[in-house]
Amino acid sequence: MNQLFNLKVNIPEKKEYSYDILIGEGFFQNFEEIVKKYSSANKFLIVTNETIYKLYKDKIQLGSSKFVILPDGEEYKNFENFKKILDAAIENRLERKDCIIAFGGGVIGDMAGYAAASYMRGIDFIQVPTTLLSMVDSSVGGKVAINHEHGKNLIGAFYQPKVVIADISTLKTLDKRQLKTGIGEVLKYAFIEKSCGADLNYRFFDFLKNNKDKIYNLDVDTVSNLINICCSLKAAVVNKDETEKGIRAILNLGHTFAHAIENLTNYVVYTHGEAVAIGMKMAFKLALLEKYIEKSYYDEALELIDLYDLVPAFSDLSKDDLYNEMFLDKKAQNGKVRFVIPNGSFEVGIFSDVSKQYVFEAMN
Ligand SMILES: NC(=O)c1ccc[n+]([C@@H]2O[C@H](COP(=O)([O-])OP(=O)(O)OC[C@H]3O[C@@H](n4cnc5c(N)ncnc54)[C@H](O)[C@@H]3O)[C@@H](O)[C@H]2O)c1
């Protein structure tokens, strides 16, 4: 086992929510031992999807576990599949001290986490993320949810896992587009680093500028380091504001635009990370127009996004539709859209009063 990092999320007012994030390789060799260190459950329900089950069923065997194998795709992150997890928990007579393990990307993690939060008012939950996006973002911080026909992640909870086990060897089977979508969220951390208030200065922007090939070639040390930095930054934010009453909103850089783009294209044209990359470009343009940032920083930031080749040809969406869609976002407050916008190098602010004309120009 090659455990390169062991981070802690520690939410001061909720001591029991402190948990480890294990980042490295080889955790499946003694998976049972690791899992049992963090949960005293007698029964484990492993929630995964068809794709991941085919690839990894032999790797994650646990003595007394049962699998729930769901169909693969964002469109299945719904009530029906949420209920399938609860049905399996009931059929297998899971009790209060038992545990649900999410083995998969963000879709599985969000859905299994919400089931763990709901079943018997909350049982143990372990995240085993298998996509880059879920390793750097969705598995940490405790947001769990399912989609509703009227909105993404509309039904959910804040529910922290007992441990996150990120085995980067799983990234080898991820296709290139999915790896890239994770990079969309990764870049976000470079642009918000100063605002996260972490103890260390990671200079993540430079790290990303200098390590593209190693990252895309999945060099173990580089990718572990990358996940460690992202999780450290996210943990620093979550530790201050678990339930997004304030600073946690900075993690949504690019997301106001991204959610509107995803909604208008029914989640089938762009992956989440692609939409976030487009959204970040728009946020940077808005920041430049509002004179929150220098042109030199704007150029550098866009160069970094382009270096990773994340943004596919952008289909021609109506700006009016996009603008209106933003007001339907669940993060809009009192009819006002809150934009997270760069307001200095590697830092961002949250603004409600931005010029409508600039928002339209940013969408160019
Ligand atoms: N909770 C949060 O804080 C948070 C943050 C960001 C995103 N999200 C959610 O995360 C979801 C997106 O997550 P995602 O990008 O991981 O998508 P995903 O879970 O749909 O996974 C992407 C694809 O990769 C496949 N896959 C997963 N691991 C694999 C592996 N190791 N090898 C081969 N194929 C593999 C999956 O089967 C799927 O087809 C969205 O629903 C989004 O709302 C949640």
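Indexing begins at 1, ligand by ligand and atom by atom, following the structure's order.
From the protein, the heavy atom lying nearest to atom 4 (C) of ligand 1 is S138 CB, 3.2 Å. The closest protein non-hydrogen atom to atom 21 (O) of ligand 1 is T131 CG2, 3.7 Å.
The option with the heavy atom closest to atom 13 (O) of ligand 1, from among G182, G106, P129, is G106. By heavy-atom distance, the residue among D137, L70, T48, I52 lying nearest atom 6 (C) of ligand 1 is D137. Considering only non-hydrogen atoms, atom 36 (C) of ligand 1 lies nearest to D72 out of I108, L55, D72. Here atom 34 (N) of ligand 1 lies nearest to L174 when heavy atoms of V144, V276, D167, L174 are compared.
The distance from atom CG of L322 to atom CG of N263, rounded to the nearest 0.5 Å, is 10.0 Å.
Between the side chains of N147 and E74, a donor-acceptor pair is found at a separation under 3.5 Å.
Counting heavy atoms from C-beta outward, I85 and Y114 have side chains that stay 4.5 Å or more apart. Looking at heavy atoms from C-beta onward, H255 lies out of side-chain contact with V340 at the 4.5 angstrom threshold.
Each of the following atoms of ligand 1 lies closer than 4.0 Å to a heavy atom of K234: 3 (O). Within ligand 1, the atoms closer than 4.0 Å to a non-hydrogen atom of N49 are 36 (C), 37 (O), numbered from 1 in the order shown.
The aromatic rings of Y56 and F28 sit tilted relative to each other, their planes meeting at an angle between 30° and 60°.
Checking only distances, V107 does come within under 3.5 Å of ligand 1, N or O to N or O. Inclusion of T170 in the set of residues having an N or O under 3.5 Å from an N or O of ligand 1 is warranted. Ligand 1 has an N or O atom lying under 3.5 Å from an N or O atom of E74, backbone or side chain. For ligand 1, one of its N or O atoms has an N or O atom of K77 under 3.5 Å away. Checked by distance only, ligand 1 and T173 come closer than 3.5 Å through their nitrogen or oxygen atoms.
At least one heavy atom of K152 lies less than 4.0 angstrom from ligand 1. Note on ligand 1: E75 sits outside its first shell, no heavy atom being nearer than 4.0 Å.
At most 12 non-hydrogen atoms from other residues, nucleotides or ligands lie less than 6.0 angstrom from NZ of K59.
Taking the charged nitrogens against the carboxylate oxygens, K281 and D306 do have a contact shorter than 4.0 Å, which makes a salt bridge.
Evaluated for a ring pair (Phe, Tyr, Trp, His ring centres under 6.0 Å) with F351, the options Y292, F339, Y358 yield exactly one hit, Y292.
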